[in-house]
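Values reported hereafter were calculated over all heavy atoms of this structure, with side chains retained and with hydrogens, waters and symmetry mates removed. For this chain, numbers begin at 1 and follow the sequence in order. On a predicted model such as this, the values are computed, not experimentally measured, just so you know.
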Amino acid sequence: MISEKVYKLCTSKESVSALLAKDPSLTPGEAWKKLFGGDEAGEKESISTAKANRDNHTPEDLKRARECGNWGPTEPSELFLRLYHDALCTLDKSIAGCMVSPSLMGSCGVIPLTVISVVPDIMRHMSNLIVRAEKEVILATNYWQNSVASKYITNAMRELSRRAGERGDRIVFKLEYDRGSAKQALKNHMSVSPKEYMRTAVNIPAPEDIPFIDLEVVNYHRPMVGTFHCKYMVVDRKYAVLQSNNILDNDNMEMMTHLEGPIVDSLYDMALISWNNKLDPPLPSANSPAAQGGVDSFKTDNHNAMFSQNGAINGHSAVVHPDQMGDQKAYDYQPRAVNQSSALQTSEGAGNVTSSQKDPVTGPGTTANMVRAAGETETSENGVDGITDGMEQAKLRGESGPIEHDGNNLGTIGKLQENAKAIAVTGDVDHIPDPEKEHHSAVSNLVGNKTTEKGGEKELNAPGLIGPDAETKQFLSEGDQQLPQSQIEHPSPENNLLPEHTTDDPHYDVNIAGEVARVQTAVSPKNGETRIEAVTRHLNHTKNVGFKGNAPECEPEEEMTPYIPHPVHEPFPIAMVCREPYGTPNHSSVYNPQNEVWLSALRNAKKNVFIQSPTLNAEPLVPAIIEACERGIDVYCYICLGYNDTGELLPKQGGTNEMIAHKMYTTLSAAGKQKLHYFFYIGKDQTVPIVAKKKKRDCHIKVMIVDEHIGIQGNGNQDTQSWYHSQEINVMFDSALVCKAWIDGLRRNQNTHLYGEVGKMDGVWRDQNGKEASDVIGVDPGRFAWAKGFMGAIRRVRGAGDF
């Protein structure tokens, strides 16, 4: 039940961004307090009522949920309203939990582009948006590290400054990250001086290098474990991107969503609230709401002109236009023969667990010692208590300078500090680069050995297929075409190949159509390559040059498509479903929009739920998945083998992915087992899962798809840290068209569905010979698993482990 107070807040016109537009002298933090006072709405009876009636939505409940959003010309589905209703009910516990002004929590918009690929491809799109900025950029990331990834951004900042200078303009640029400091115990949002952000570990350009950009940098963390885990960018209050990756180099597969329309106002409002401090100088777009500006990416005909007659990207084979995909069963896969072996019926003692041995959260067995009652002695939620003691007050060594400086300049103490800081604020013990071991390869990529690849593609003549109707044209405010039609229809003629956009050789495009053509050319075969060899080259990028793929050649229509353009479409409902940071190391902060939407999705789905996450062990989530499977819902989980095992073995962290998969399968009934489809991630060029500590092929995507038309994407993992502590920004939308493209793209850009299925009797992955994956911890890490986790964390802080 949505309380009267929450209803009034959502249906009002008040917001932090609107108040700041009227009174720029206020800080966003002051504006929040003026509008909403304390955190709690105070109607505790409605909280208990809402929880008791989660499965009993009345028509009046759904009507009130519908009235609590600004949906524009769109109409939310009943399923969307059920999920949104449950998210709204959490505001009675904490208005601040939604991380956006309540009046902007429900909105609408479009998604012109999705990126499902490695970090450089996401940085390429961000860099293009930055150089195209006309007024302002707000960029936020959990962790910023001097790297090839960061150089895409710093290059773009320099280019943006140059362009602004030529126009006679100035750009306001706000950059926020989390690089924990002891000073944040007194002030969570710390202003960062140029002297500090110019140091080797960060290496943001000096003010004199970007003379036409007014840059402010904030370092935000809520001690002890309230991580600023956000990754987003808002440009000119017209474009917003929400992604899964931090700004550093790694081997991860990641995901980004590009949003436009009124929802950008919601993300802009959230960005102001997250910034908190005084805006000096103010943002130029304060009085230019996205809701009044239309959708720039759909203003011209060239967006749909990217698609050939059969719905593929021009010059390529994979069909990415949802209307041309034909009928296909979502998440379809062929069960692996090894999992059908009768030998697995008794392996690991599976199936012999009595009901008295079953834990309602994690199932029976060894995971029990990983889950402790709140209040028991524990390490910090990110697993680094005792590791960073005495380091937080130290300052990183190194003089201001370009990335050519050797990583050894950090010194031994500096490297320890950098590693510990990265682990503390990301919660990821296994995937932060070692500054000494990996800096040399990054330097060679940045300052030498320029290797711009050139490749070809076939020419096709057909323009796009489907355009907007009259109502949508009016909403999208059509304008003049910016890119020549010939370049869109023939993006990379055989004798004039589009060069790859790299940090050494930047090539910025004027719109999404140009970006898609360039990236698809880069991942296409060249110089006698097979399609899989081209994929291997693309996945290796800065991290694993020379690492070999072993997957068989894929069919032309199964080629990898890092950039997935969505055809011009009408706006659809989009809601912000976030959570605020919570620093106290306990599990009290669980009732918030993000968590409640995820649980509501499993409660209310009628057909299926798809989850992809690097980790899955959150205490409330596991029984919800089990319950959904037992009531006949197909739940698909694509999870990364061994991801952050060191951290997840520490007390109160929930256990490793292997442990949880085993527990779920050994808890489910025979019928329930058939409804849980659990896979370990496998890269597009591989046939076996590679344990995450090897840093060769990992996946960091965070997405949920419900009944094939509700998409939830953003920053939040399905792990303890994201569920209980970190600030997370996510959106939920209602669009079968975009979800169909996501389902197809997520399948095509990895081999998880082909080779990653675990056995349904015990949740264990085995190869065709019945052998488990190499170098894994296994489903039973032993009685002293916490000690393994602690020692592993120490080794990684010292740089001796596998980051």
Side-chain angles (χ1 to χ4, degrees), residues 1-12 15 32 35-58 61-62 64-69 76 79-107 222 226 229-230 266 269-270 273-274 573-582 584 586-604 618-621 624 704 706 710 712 714-716 718 720 722-732:
M1 179 180 72
I2 299 169
S3 70
E4 189 62 27
K5 183 168 185 178
V6 170
Y7 180 83
K8 288 180 179 179
L9 289 171
C10 291
T11 55
S12 76
S15 69
W32 177 274
L35 290 174
F36 308 117
D39 285 351
E40 293 192 8
E43 301 195 22
K44 296 186 177 180
E45 287 187 9
S46 67
I47 298 175
S48 59
T49 301
K51 290 183 176 180
N53 293 284
R54 281 169 164 169
D55 298 323
N56 300 307
H57 297 109
T58 67
D61 289 334
L62 300 184
R64 284 174 73 85
R66 170 70 178 82
E67 294 168 353
C68 284
L79 177 59
F80 183 93
L81 289 176
R82 287 176 180 271
L83 273 59
Y84 184 61
H85 171 276
D86 291 351
L88 287 173
C89 288
T90 68
L91 271 59
D92 276 319
K93 177 175 175 58
S94 173
I95 301 172
C98 63
M99 284 308 305
V100 66
S101 299
S103 63
L104 293 172
M105 189 168 166
S107 187
R222 187 174 294 182
H229 195 236
C230 306
S266 304
D269 189 84
M270 172 277 300
I273 294 167
S274 299
I574 309 179
M576 301 284 289
V577 287
C578 312
R579 66 153 292 134
E580 65 179 324
Y582 180 73
T584 306
N586 61 40
H587 287 181
S588 298
S589 178
V590 68
Y591 191 53
N592 52 65
Q594 169 192 268
N595 296 354
E596 196 59 24
V597 157
W598 285 335
L599 293 173
S600 185
L602 289 161
R603 291 194 301 266
N604 289 288
E619 187 174 342
L621 180 68
M704 178 183 282
V706 192
I710 304 292
I712 306 169
N715 308 151
Q718 301 295 348
T720 297
S722 286
W723 270 72
Y724 293 106
H725 295 289
S726 297
Q727 177 175 324
E728 310 287 3
I729 306 302
N730 312 284
V731 294
M732 174 178 70

Could you work out, with side-chain contact (heavy atoms from CB on, under 4.5 Å) as the rule, every residue matching S107, not counting sequence neighbours? P262, I263, S266

Any non-hydrogen side-chain atom of Y582 less than 4.5 Å from a side-chain atom of S726? no

Has the side chain of Y84 got a donor or acceptor atom that lies under 3.5 Å from a matching backbone atom of V577? no

May I ask you to test the L9-I95 pair for a side-chain heavy-atom distance under 4.5 Å? yes

Report yes if some heavy atom in the side chain of F80 is under 4.5 Å from a heavy atom in the side chain of P573; otherwise report no. yes

Which heavy atom of S15 sits nearest a heavy atom of S101, and at what distance? CA-OG, 3.4 Å

Check: N715 main-chain N/O paired with H229 side-chain donor or acceptor under 3.5 Å: yes

Of all heavy-atom pairs linking G97 and P593, the shortest is O-CD, 3.7 Å

Test side chain to side chain contact (heavy atoms under 4.5 Å, CB included) on I712 and V731 and set out the steps. CA-CA 6 Å; I712 306 169; V731 294; over 6 Å; no

What are the two closest heavy atoms between L81 and A65, and how far apart are they? O-CB, 4.0 Å

Nearest-0.5 Å distance, CD of residue Q594 to CG of residue L599: 10.0 Å

Residues S103 and S12: closest non-hydrogen pair is CB-O, 3.3 Å

Under 3.5 Å donor-acceptor, N730 side chain and M576 backbone: no

Verify, without hydrogens or angle tests, whether S274 (side chain) and M270 (backbone) share a donor-acceptor contact under 3.5 angstrom. yes

With the side chain counted from C-beta on, respond yes when D86 and R603 share a heavy-atom pair under 4.5 Å apart, and no when they do not. yes

Report the distance from atom NE2 of H85 to atom OG of S600, rounding to the nearest 0.5 Å. 9.5 Å

With heavy-atom distances below 4.5 Å as the criterion, would you say the side chains of Q718 and M704 are in contact? yes

Looking at K93 and E596, is there a salt bridge between them, counting it only when a charged N and a carboxylate O are closer than 4.0 Å? no

What I want to find out is whether D61 reaches R82 closely enough, with some N-O distance under 4.0 Å, to be called a salt bridge. no

Using a distance-only test with no angle check, is there a side-chain donor-acceptor pair under 3.5 angstrom linking S588 and N586? yes

Correct closest heavy-atom pair for C68 and L88 would be CB-CD1, 3.6 Å

Once rounded to the nearest 0.5 Å, what's the spacing between atom CD1 of I273 and atom CD of Q727? 9.5 Å

Indicate yes or no: at least one non-hydrogen side-chain atom of V590 is less than 4.5 angstrom from one of P620. yes

Separation between CZ (R579) and SG (C98), nearest 0.5 Å, reads 12.5 Å

Return yes if a side-chain donor-acceptor contact under 3.5 Å exists between T11 and E67, otherwise no. no

With sequence neighbours left out, what residues match R64 under salt bridge (Lys or Arg N to Asp or Glu O under 4.0 Å)? E4

With side chain to side chain contact (heavy atoms under 4.5 Å, CB included) as the criterion, how do S94 and E580 come out once you've worked through the C-alpha distance, each side chain's angles and the decisive distance to 0.1 Å? CA-CA 9 Å; S94 173; E580 65 179 324; 2.8 Å; yes

List the atom of V597, the atom of L83, and the distance in Å for their closest heavy-atom pair. CG2-O, 3.8 Å

Donor-acceptor pair, side chain of T90 and main chain of A87, under 3.5 angstrom: yes

Would you call the rings of W598 and W723 parallel, tilted or perpendicular, taking 30° and 60° as the class edges? tilted

Heavy-atom check, side chain of L602 versus side chain of L621, under 4.5 Å: yes

